[in-house]
**Q** 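Take a look at this one; I'll ask things after.
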Amino acid sequence: MYTRPLARLIEQLQRLPGVGPKTAQRLALHILKRPEEDVQALAQSMIDAKKQVGFCKVCFHLSAEPVCDICRNTNRDSSTICVVSESRDVIALEKTREYIGKYHVVGGVISPMDGIGPEQLNIQPLVRRVSQQKISEVIIAISPSVEGETTTLYIGHLLKPFTRVTRIAFGLPMGGDLEYADEVTLARALEGRRELD
Ligand code: ZN
């Protein structure tokens, strides 16, 4: 149906999340219409981002520097840490402009079925952070799916000896992801946080 290089491009695009065969074909045909410099810039930006972006060594948010902008920002409240599952949740919370503390990205949720235990996540570095620094509150903002709930309780149990632990009030549907919540809902969820039992 497609000439070989075009088929390969469509095949690669289809591997992206949310891209089905139709969208992949549309994107591929669009790319072929663009000037070569534009295509070059697109390809180069993908390679550069992949090569240059790593994880902040303090909070594990995506960062091109060893320590991310949020961790380095001295205007932010360093006595509060918001614990999230993925970097995309940091981005969602930042968009609310309500939160001025720091973050910690654990990198997923505990899921024994998928072979993900606490050791596979950035939980020990979090415990170290909380036990060694003056932290007045840890806010856990992990989606309340079954795995998210397990992860929240596990982290809460480990941190309670050191500080106050709260969780955000999800007005979101069970299992709803932070990134799908609009900014107002998310800001309200943060405001309505409560003690973790
Ligand atoms: Zn950081």
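Every number for a ligand or one of its atoms is a count from 1 in the order of the listing. Numbers here simply count residues along the sequence, with the first being 1. All heavy atoms count here, side chains included; hydrogens, waters and symmetry mates do not. As the structure is a computational prediction, the values presented were derived from the model and not from experiment.
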**Q** Is the number of heavy atoms from other residues, nucleotides or ligands under 6.0 Å of Lys160 NZ greater than 12?
**A**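 More than 12 heavy atoms, drawn from other residues, nucleotides or ligands, come within 6.0 Å of this atom.
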**Q** One pair to check against salt bridge (Lys or Arg N to Asp or Glu O under 4.0 Å): Glu98 and Arg188. What are the steps and the verdict?
**A** CA-CA 9 Å; Glu98 286 286 310; Arg188 219 174 278 150; over 6 Å; no
**Q** Can you list, by chain and residue number, the protein N, O or S atoms under 2.8 Å from the Zn ion (ligand 1)?
**A**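 The answer, once waters are left aside, is Cys56 SG, Cys59 SG, Cys68 SG, Cys71 SG.
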**Q** May I ask you to decide whether Lys51 forms a salt bridge with Asp48, counting only side-chain N to carboxylate O separations under 4.0 Å?
**A** no
**Q** Could you give me the CA-CA distance, side-chain angles and deciding distance for Arg76 and Glu94, then say whether salt bridge (Lys or Arg N to Asp or Glu O under 4.0 Å) is met?
**A** CA-CA 12 Å; Arg76 297 187 71 120; Glu94 282 299 283; 2.9 Å; yes
**Q** Would you say that more than 12 heavy atoms from the other residues, nucleotides or ligands in this model lie under 6.0 Å from the CD of Glu36, or not?
**A** no
**Q** Kindly state whether the ring of His61 and the ring of Phe55 have centres lying under 6.0 angstrom apart.
**A** no
